[in-house]
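The next block holds one structure in the form of structure tokens; read it before the comments.
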Amino acid sequence: MSPDKKPTSLRPPVRKAVIPVAGFGTRFLPATKATPKEMFPLVDKPLTQYVVEEAVACGIEEIVFVTGQAKRAIEDHFDRNIELEYLLDNKGKKRELEQVMELAEKADFVYVRQKEMLGLGHAILQARHLIGDEPFLVMTPDDVFSDNSGSNGRPAAQTLIDAYEKVGTPIIGVQEVPKDRVHLYGIVSGEPVGDGLLKMTGIIEKPDQKDAPTNLAQCGRYLFVPEIFEHFAQAKPGKSGEIHITEGIKGLISNQTVHAAMIPNLYHDAGSKLGYLQAIVEFALARDDLGEEFETYLRKRLKNA
Ligand code: UTP
């Protein structure tokens, strides 16, 4: 029986997520010299916390962070801080105390180092021994999703899990991007098969506009099977010396059926300065405690511009 014909009940559940956070974040230098980009806040929560909360909301129990130099702040964020808890308790700051205490309880956190920053594919490969023989999510924290009418409050990665439960293949999350921006993304091609799914025929890393087969871009959410690791291990580094995630996906496509799934949530490329600013505006406007005042400010500011 081919993997995509298995009855849903026989598919192993998706319990683990890999979150690579080892990159240098050069587009945000000098801010990223000593501070991880993945800890940049959207209002008052770091990017990494949003992605962890998204994973947990999708039923993920174990999170593997692939870390590197100058990323200690991420480990500290998801650990207990007894002195801070003591201080908040003494000051009667109950809500803040709960917020900091629950961070360490969100999931089982495991850390593995990427010793050389050789690209996203190489970063994911470092988690191989921790994943074993299970399907798993890969989520990059600088790809951020917010709700819109299409997403109906569902976390972005849930779209991938739902699709996997239906078709039983690896799933690549995609979003439509403007045609003049395809050169910034991995662009997928394939045949539509209904339910917002595409049976993939290819993927191309950052193509020129004239060479792009579609405007469907991978957007930092992937559901992989363990076979992907061998493709990363065999992949040749690109011109930049990095092993791109697209190389592993190409290998998978050559051996088995892979689908792309349209993620309905609003997407923000917070790894770029403009995308990061847009994400801050979206998240601030959505806040019960800030949204109204912030919108008034923005309207006034734009009127006077
Ligand atoms: P990016 O390509 O956006 O991150 O990787 P970067 O390389 O840190 O940023 P720029 O392009 O230099 O500004 C997406 C995610 O993959 C991780 C990053 O930490 C980020 O969370 N990553 C990237 C790794 O873990 N290892 C790598 O070798 C590259």
Side-chain angles (χ1 to χ4, degrees), residues 16-42 45-55 63-75 77-78 109-128 130-131 136-145 156-157 172-175 177 181 183-187 203 205-206 217-222 224 228-229 232-233 235-249 267-279:
K16 296 182 180 177
V18 175
I19 305 185
V21 292
F24 284 121
T26 53
R27 283 170 289 172
F28 277 95
L29 281 168
T32 43
K33 187 173 173 226
T35 305
K37 165 178 76 174
E38 299 80 7
M39 287 301 288
F40 284 7
L42 297 178
K45 264 196 237 176
L47 292 171
T48 308
Q49 188 174 336
Y50 286 101
V51 82
V52 164
E53 287 175 355
E54 180 187 330
I63 291 183
V64 180
F65 279 114
V66 183
T67 72
Q69 276 163 33
K71 302 286 176 167
R72 229 354 247 283
I74 297 170
E75 286 179 52
H77 188 71
F78 293 100
F109 296 105
V110 186
Y111 297 88
V112 62
R113 297 273 285 203
Q114 183 186 21
K115 295 194 184 83
E116 268 186 288
M117 303 334 158
L118 295 178
L120 185 51
H122 179 263
I124 299 165
L125 185 55
Q126 309 314 304
R128 185 178 199 166
L130 297 166
I131 294 297
F136 63 103
L137 286 176
V138 169
M139 309 166 79
T140 45
D142 49 357
D143 291 300
V144 178
F145 295 86
I172 312 303
V174 293
Q175 284 261 323
V177 294
R181 291 180 64 81
H183 63 284
L184 300 171
Y185 300 94
I187 298 292
I203 185 159
E205 177 76 14
K206 299 184 177 149
Q218 61 180 7
C219 53
R221 297 293 179 274
Y222 312 85
F224 287 139
I228 188 84
F229 291 120
F232 285 137
K236 292 211 168 61
K239 275 185 214 139
S240 58
E242 294 184 36
I243 296 176
H244 296 298
I245 194 163
T246 41
E247 286 308 305
I249 298 171
Y267 170 65
H268 313 286
D269 177 4
S272 75
K273 286 176 198 163
L274 190 60
Y276 176 61
L277 292 173
Q278 288 166 349

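Only this structure's heavy atoms are used, side chains among them; waters, hydrogens and symmetry mates stay out. Sequential numbering from 1 along the given sequence is applied to the chain's residues. Both ligands and their constituent atoms are indexed starting at 1 by order of listing. Since the model is a prediction, treat every value here as computed from it, not as a measurement.
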* Asked: How would you list, by chain and number, every residue that makes a side-chain hydrogen bond (donor to acceptor under 3.5 Å, both in side chains) with Arg128, sequence neighbours excluded?
  -> Glu230
* Side-chain (Glu242) to main-chain (Gly238) donor-acceptor, under 3.5 angstrom -> no
* Could you go through the side-chain contact (heavy atoms from CB on, under 4.5 Å) check for His122 and Phe232 one step at a time? => CA-CA 7 Å; His122 179 263; Phe232 285 137; over 6 Å; no
* Does the Gln126 side chain pair with the main chain of Lys115, one donor and one acceptor, at a distance under 3.5 Å? -> no
* Asked: Quick one: salt bridge (charged side-chain N to carboxylate O under 4.0 Å, His left out) partners of Lys45, sequence neighbours excluded?
  -> Glu53
* **Protein residues having a heavy atom less than 4.0 Å from any atom of ligand 1** => Pro20, Val21, Ala22, Gly23, Phe24, Gly25, Thr26, Arg27, Lys37, Glu38, Gln114, Met117, Leu118, Gly119, Leu120, Ala123, Thr140, Pro141, Asp142
* Listed partners of Asp143 passing salt bridge (charged side-chain N to carboxylate O under 4.0 Å, His left out), at least two apart -> none
